[in-house]
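Sharing a structure here in structure tokens format.
Note that the structure is predicted; figures quoted are calculated from it, not measured.
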Amino acid sequence: MLTVITATTLLVSFRGSDADRVTTGSSIGASPTIAPAAQVWPQAVAKIPATAPDGWKYRPITGFGPDEILLAAESSFEKTGRLEVFNVKTAKSRILAKMPEPGGVDSYFVQDVAVSPKYIAWWGATPNTNQQWADVWVMPRSGGVPSKVIETSGMTGDIERLEVLEETIVWSVSSGGVYEIGIAGGAPHRILGSEGLHILSWPWATDVPRHSTASSKQTRLVNLVSGQAAPISVLSDAQGIRCTPVWCSFASNSGELNIQPQTAAPRQVLGMIRTRQGMEPLGNDFGLIRGRSGKSQSTSDASQEEEFSAILFHPPSGAVGGVGTESGFSFGASSSLASVIYWDADIKRTQVCSPAAGSTAPQVPAEETGSSTTHESKAEPQRPVPSLDPGARRCGTRFVGGGEELTVLNLAAIR
């Protein structure tokens with residue numbers, strides 16, 4: 001399902017400056033070395049249309065290669081009707097398949113999609129009901145007619161992450177445990193040693209659920225094929241521990257972001273970034289630090305400062321870039337670790353004011369008043385206070401504009 005990421009409570013500072021509490025819409029003066037992602041990885045950032053020629057909305061899913069993005073075309077909100085591939089070089093798309101919808105199933109929605117060199121797979125569910133039910137579909141990567149692999153309910157139907165392999169499909173469930181089934185269908189079985197684990201990136205699994213809170217601590221990282229357990233060796237006061245086969249990240253008690261390579265290399269302490277949580281693992285060994293992360297001046301003109309929603313960090317290379325805008329960003333609807341981040345750069349924040357209760361003043365745009373902007377993603381006006389002052393008003397923030405194109409960062413294009 002589409003998740004729009006806006007700012008959450010987070011401590012972030014740059015170059016050792018004092019940390020400030022960041023709430024939705026607020027920002028911190030950032031080091032100018034935090035450049036926009038388009039400057040750091042220009043080959044990976046592109047503009048794509050927000051809608052298909054027939055008016056259906058596009059939702060990016062994952063990188064289909066360095067020059068292609070797999071898209072869901074939606075007839076209505078989060079109602080995927082077909083899969084398309086958009087080529088950022090030619091600015092053309094091609095349809096891979098129409099998405100089937102099972103009969104007799106109310107409130108059915110396609111969930112996240114997984115891609116392998118041979119196949120595309122996904123699951124559908126009824127998220128607006130209390131049922132633990134899902135069906136799993138597969139089709140050739142090149143396109144074609146999807147076929148149903150399984151329809152399942154109960155524990156095995158509570159899918160949180162799914163991946164498609166050479167000739168099998170694996171998925172983990174919300175309560176823990178990883179299941180496997182052949183592409184041709186049959187009965188699923190739980191993988192030995194997967195009890196209490198959740199797929200991170202096959203074959204690796206962790207004891208932290210996919211949608212866990214940032215404060216939860218990871219204690220296990222297990223290879224479900226070899227049985228190997230990767231070490232998780234961090235400070236005793238670590239917060240928000242997250243580990244991949246390549247790195248571990250966590251926040252120390254002092255608020256510094258720490259990166260511990262899964263090798264003999266020494267631990268890195270990134271004093272320029274202060275946070276109460278570690279990094280969220282993404283595809284291609286990247287990590288993301290959520291929250292409103294400040295502004296970075298990408299030009300000599302101070303008026304052209306850009307405000308980011310998060311910081312993208314690549315521990316193997318040390319590259320850092322800002323992603324999103326003041327209105328937030330979204331992850332691609334991939335079941336695997338996210339390889340696509342996207343946002344609408346044309347959405348702008350504005351303040352709208354209306355007469356307070358008891359006032360007869362007309363609605364006036366905030367720009368005409370000189371009043372400061374409130375930093376909220378959605379306006380929630382204060383409780384009206386009766387006033388005889390005809391100039392009394394209440395104000396709130398709205399995001400306006402956009403809808404024409406999306407800015408897409410494709411991690412599959414970064415080598």
- Could you name each residue pair satisfying salt bridge (charged side-chain N to carboxylate O under 4.0 Å, His left out) that touches residues 113-129, not counting sequence neighbours? Lys118-Glu166, Lys118-Glu167
- Task: Look only at the side chain of Asp207 and the backbone of Thr219, and say whether a donor-acceptor pair between them is shorter than 3.5 Å.
- Result: yes
- Item | Any donor-acceptor N or O pair under 3.5 Å, side chains Ser107, Thr126 | no
- Taking only residues two or more places apart in sequence, or in another chain, which ones meet Glu101 in a salt bridge (charged side-chain N to carboxylate O under 4.0 Å, His left out)? Lys79
- Got a sec, which residues hit side chain to side chain donor-acceptor pair (under 3.5 Å) with Ser249, two or more places apart in sequence or on another chain? none
- Quick one: does Asp285's side chain have a donor or acceptor within less than 3.5 Å of a partner on Pro315's backbone? no
- Message: Donor-acceptor check, side chain of Ser194 to backbone of Val178, threshold 3.5 angstrom: yes or no?
- Response: yes
- Query: Who passes salt bridge (charged side-chain N to carboxylate O under 4.0 Å, His left out) against Glu163, sequence neighbours left out?
  - Reply: none
- Who passes salt bridge (charged side-chain N to carboxylate O under 4.0 Å, His left out) against Asp106, sequence neighbours left out? none
- Between the side chains of Ser216 and Arg242, is a donor N or O closer than 3.5 angstrom to an acceptor N or O? yes
- Task: Could you point out which residue of Leu165, Thr168, Val164 forms a side-chain contact (heavy atoms from CB on, under 4.5 Å) with Ile183?
- Result: Val164
- Item | From NZ (Lys98) to OG1 (Thr80), nearest 0.5 Å | 15.0 Å
- Query: Is the shortest heavy-atom distance from the side chain of Ile69 to the side chain of Val340 under 4.5 Å?
  - Reply: yes
- Is any side-chain heavy atom of Ile289 less than 4.5 Å from a side-chain heavy atom of Leu257? yes
- With the side chain counted from C-beta on, respond yes when Ser174 and Gln132 share a heavy-atom pair under 4.5 Å apart, and no when they do not. no
- Determine whether Asp135 and Thr152 make a side-chain contact, defined as any pair of heavy atoms from C-beta on separated by less than 4.5 Å. no
- Could you tell me the separation between the CD1 atom of Ile159 and the CH2 atom of Trp122, rounded to the nearest 0.5 Å? 13.0 Å
- Item | Pairing residues for Asp344 by the side chain to side chain donor-acceptor pair (under 3.5 Å) criterion, not counting sequence neighbours | none
- Mind checking what makes side chain to side chain donor-acceptor pair (under 3.5 Å) contact with Ser336, not counting sequence neighbours? none
- Task: With the side chain counted from C-beta on, respond yes when Val113 and Ser334 share a heavy-atom pair under 4.5 Å apart, and no when they do not.
- Result: no
- Query: Is there a donor-acceptor pair under 3.5 Å between the side chain of Glu195 and the backbone N or O of Gly176?
  - Reply: no
- Message: Do Glu84 and Ser93 pair up side chain to side chain, a donor and an acceptor below 3.5 Å, judged on atom types alone?
- Response: yes
- Message: Going by side-chain contact (heavy atoms from CB on, under 4.5 Å), name the residues that satisfy it together with Thr407, two or more places apart in sequence or in a different chain.
- Response: Val45, Lys47, Trp343, Ala345
- Donor-acceptor under 3.5 Å (Glu74 side chain, Gly81 main chain): no
- dist Leu71:CG -> Arg94:CZ (nearest 0.5 Å) comes out at 10.5 Å
- Note on the structure: Note: Leu337 and Gly283 closest approach over all heavy atoms is CB-N, 3.7 Å
- Item | Polar side chain donor-acceptor pair, Thr397 to Gln351, under 3.5 angstrom | no
- Message: Between Leu162 and Tyr179, is there a side-chain heavy-atom distance shorter than 4.5 Å?
- Response: no
- Note on the structure: dist Leu312:CG -> Phe329:CZ (nearest 0.5 Å) comes out at 9.0 Å
- Is a side-chain N or O of Thr244 found less than 3.5 angstrom from the main chain of Trp247, in a donor-acceptor match? yes
- Among residues two or more places apart or on two chains, list those pairs meeting salt bridge (charged side-chain N to carboxylate O under 4.0 Å, His left out) that have a residue in residues 141-156. Lys148-Glu151
- Item | Pairs involving residues 209-221, ordered by first then second residue, that meet salt bridge (charged side-chain N to carboxylate O under 4.0 Å, His left out) (sequence neighbours left out) | Asp112-Arg210
- Message: My understanding is that only residues two or more places apart in sequence, or in another chain, count here; which of them pass salt bridge (charged side-chain N to carboxylate O under 4.0 Å, His left out) with Glu160?
- Response: none
- Task: Supply the atom-to-atom distance Glu78 CD to Lys57 NZ, rounded to the nearest 0.5 angstrom.
- Result: 11.0 Å
- OG/Ser339 to CG/Leu411 distance, rounded to the nearest 0.5 angstrom? 6.0 Å
- Message: Evaluate Lys92 against Glu68 for salt bridge (Lys or Arg N to Asp or Glu O under 4.0 Å), listing each step before the verdict.
- Response: CA-CA 10 Å; Lys92 294 181 179 180; Glu68 293 186 320; over 6 Å; no
- Message: Donor-acceptor check, side chain of Asn87 to backbone of Val85, threshold 3.5 angstrom: yes or no?
- Response: no
- Item | Partners passing ring-ring contact (aromatic ring centres under 6.0 Å, His included) against Phe286 (at least two apart in sequence or in another chain) | Trp41, His314
- Message: Main chain of Ala97, side chain of Arg82: is a donor-acceptor contact present, judged purely on distance under 3.5 Å?
- Response: no
- Do the non-hydrogen side-chain atoms of Gln262 and Cys248 ever get within less than 4.5 Å of each other? yes
